[in-house]
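Counting starts at 1 for both ligands and their atoms, in listed order.
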Amino acid sequence: MSKIEMKTPLVEMDGDEMTRIIWKMIKDILIYPYVDLKSEYYDLGLVHRNETDDKVTFDSAEATKKYGVAVKCATITPNAARMPEYNLKEMWKSPNGTIRAILDGTVFRTPILVKGITPFIPTWTKPITIARHAYGDVYKNTEMQVPEGAKCELVCTDKDGNETRQLIHQFDGTSGIIQGLHNTDKSISSFARSCFNFALDMKKDLWFATKDTISKKYDHRFKDIFAEIYENEYKEKFEKAGIEYFYTLIDDAVARVVRSEGGYIWACKNYDGDVMSDMVATAYGSLAMMTSVLVSPEGVYEYEAAHGTVQRHYYKHLKGEETSTNSVATLFAWTGALRKRGELDNTPELCKFADNLEKATIQTIEEGVMTGDLYLLSTLENKQKVNTEEFLLAVNERLQKLM
Ligand code: NAP
Ligand code: MG
């Protein structure tokens, strides 16, 4: 069998620890034998980030803009403990944060569903994708504790020096707290466009919710920007695709989500997304089955797993012990990127390969072959726990039959 050709490279961002081990296994066992892989390789492993003063992260993001598609391995975000471990020059910033800022993108997280692993909310038979706005609000706040008797005002000084003031609160008889938040029309618009593009791409409905009845200027601005961009740029495309944009209040959204069967994209403001993405991920069962894609408003895609580098398993691996680490989300990052490359380059064989690889992976788990994390959750009767490599070999057996 001849290998599938790629017309354009995708950007490959290698990473750290156990996921770096898995990365190589995936390529060796499931990609190289089938695809003549064209990739522009960037090593975002912490050792190389440190050697390049983190330049490699910036370069990989610029390359992603150029080629339009990237696949990323999980990477260490250094903390104090990592400084001596990797002999770091600096506590380098999170690569994901850097890449997201350069692409101005939104992160969409989608769980992979398999038979035998029932969500905690059993009606969720289809995935719910969460899109979290990753700029501003309480994450870039200014806050103060204020003494009794203080008068606190919101002051805006415009370009010409004119002041507008509004009373926040007169703290009579008690001390208290205040907080200043902001967001920008530019960031909200980028968020909206990323969400509308992704909904069209996935052919799924898009839900958005805020608390605009209470927050009549701040949250209302989010609602208005979404509505305006939808009307002017996306309404016709949505109608053609047979999908819907649906706005409601955040509390109503939560109630509807719990009662739903899933199958849509739920766009959330920053804080809502922080909370709801953990809720949704937990309810679907396993972080190791959660995929993540960063989508820019111009339609650049970076695929990855939602989990980290699985450090504890890596230390076992270094000691020569057997690991049973789940590679599914990392594998789906590869299939996502290859399919997108195939769509953009008009190479249907590549899309077909990505479909088959996903099918083989799900089939493997549904036939009872799985890693330890899923073994604990699965209700299948004939289940079998395998190690990290055995799982990928079992996927390959099934993939061969599909090709
Ligand atoms: P983690 O790597 O996601 O792992 C947390 C725990 O979840 C693991 O110890 C493991 O539980 C379980 N787990 C996660 N993925 C799994 C998989 N594929 N297969 C089986 N079990 C899995 O998070 P962390 O330990 O908090 O962070 C480790 C490093 O990853 C940190 O340096 C952090 O900065 C980085 N990180 C990177 C990204 C990214 O690049 N996108 C995201 C998050 C964290 P058990 O140990 O109980 O088996
Ligand atoms: Mg959170």
Side-chain angles (χ1 to χ4, degrees), residues 12-23 25-26 42-50 54 56-57 60-61 70-86 88 91-101 103 105 107-112 114 117 132 134 274 277-278 281-282 284-294 302-319 321-334 336-337 361 365 369-378 385-392 395:
E12 176 185 345
M13 304 168 175
D14 208 343
D16 288 300
E17 300 195 308
M18 200 59 212
T19 40
R20 189 179 179 99
I21 307 290
I22 287 175
W23 195 257
M25 283 184 185
I26 289 175
Y42 292 85
D43 183 359
L44 300 198
L46 187 51
V47 173
H48 193 240
R49 271 183 279 149
N50 192 50
D54 207 24
V56 65
T57 306
S60 72
V71 56
K72 180 180 171 292
C73 180
T75 47
I76 293 169
T77 299
N79 55 14
R82 300 294 194 172
M83 298 296 289
E85 185 184 354
Y86 283 85
L88 299 180
M91 211 186 280
W92 305 109
K93 286 192 182 157
S94 149
N96 286 50
T98 302
I99 296 164
R100 196 166 59 213
L103 298 181
V107 173
F108 296 84
R109 285 181 159 204
T110 310
I112 300 157
V114 289
I117 297 176
R132 173 180 171 188
D274 186 348
S277 63
D278 284 345
T282 307
Y284 276 105
S286 172
L287 183 58
M289 298 290 277
M290 187 65 80
T291 62
S292 177
V293 52
L294 177 73
E302 182 237 353
Y303 295 84
E304 64 178 314
H307 61 76
T309 60
V310 212
Q311 183 180 15
R312 199 180 63 82
H313 295 213
Y314 180 59
Y315 290 166
K316 268 177 82 178
H317 170 82
L318 287 182
K319 279 194 265 173
E321 290 172 34
E322 195 175 274
T323 57
S324 182
T325 315
N326 190 334
S327 51
V328 171
T330 307
L331 196 45
F332 273 59
W334 273 99
T361 307
I365 301 168
V369 181
M370 60 195 83
T371 45
D373 56 315
L374 297 186
Y375 185 81
L376 290 175
L377 297 171
S378 176
K385 178 181 161 180
V386 293
N387 70 30
T388 311
E389 188 177 16
E390 284 164 354
F391 179 77
L392 293 170
V395 172

Y42: partners by ring-ring contact (aromatic ring centres under 6.0 Å, His included), with sequence neighbours left out: none
Exercise: do H313 and T325 side chains pair donor with acceptor under 3.5 Å: yes
Starting from the N and O atoms of ligand 1, collect every protein N/O partner closer than 3.5 Å and put each pair on its own line with the distance to 0.1 Å.
from     : atom 1 : to   : atom 2 : distance (Å)
ligand 1 : 2 (O)  : G308 : N      : 3.4
ligand 1 : 2 (O)  : T309 : N      : 3.1
ligand 1 : 2 (O)  : V310 : N      : 2.7
ligand 1 : 3 (O)  : G308 : N      : 2.7
ligand 1 : 18 (N) : H307 : NE2    : 3.3
ligand 1 : 18 (N) : N326 : O      : 2.8
ligand 1 : 19 (N) : N326 : N      : 2.9
ligand 1 : 30 (O) : T309 : N      : 3.0
ligand 1 : 30 (O) : T309 : OG1    : 3.2
ligand 1 : 32 (O) : R82  : NH2    : 3.1
ligand 1 : 34 (O) : T77  : N      : 2.9
ligand 1 : 40 (O) : K72  : NZ     : 3.4
ligand 1 : 40 (O) : T75  : N      : 2.9
ligand 1 : 40 (O) : T75  : O      : 3.4
ligand 1 : 40 (O) : T75  : OG1    : 3.4
ligand 1 : 41 (N) : N96  : ND2    : 3.4
ligand 1 : 41 (N) : E304 : OE1    : 3.2
ligand 1 : 46 (O) : R312 : NE     : 2.5
ligand 1 : 46 (O) : R312 : NH2    : 3.1
ligand 1 : 48 (O) : R312 : NH2    : 2.9
ligand 1 : 48 (O) : H313 : NE2    : 2.7

Shortest non-hydrogen contact from G15 toward T75: CA-CG2, 3.8 Å
Over all atoms of both residues, closest heavy-atom pair of A329 and I112: CA-CD1, 4.4 Å
Sequence-distant partners of F332, ring-ring contact (aromatic ring centres under 6.0 Å, His included), two or more places apart: none
Going by atom type alone, with no hydrogens or angles, which donor-acceptor pairs under 3.5 Å involve a side-chain atom of residues 302-310 and a protein atom two or more places apart or on another chain?
from : atom 1 : to  : atom 2 : distance (Å)
E304 : OE1    : N96 : ND2    : 3.1
E304 : OE2    : N96 : ND2    : 2.7
T309 : OG1    : E17 : OE1    : 2.7

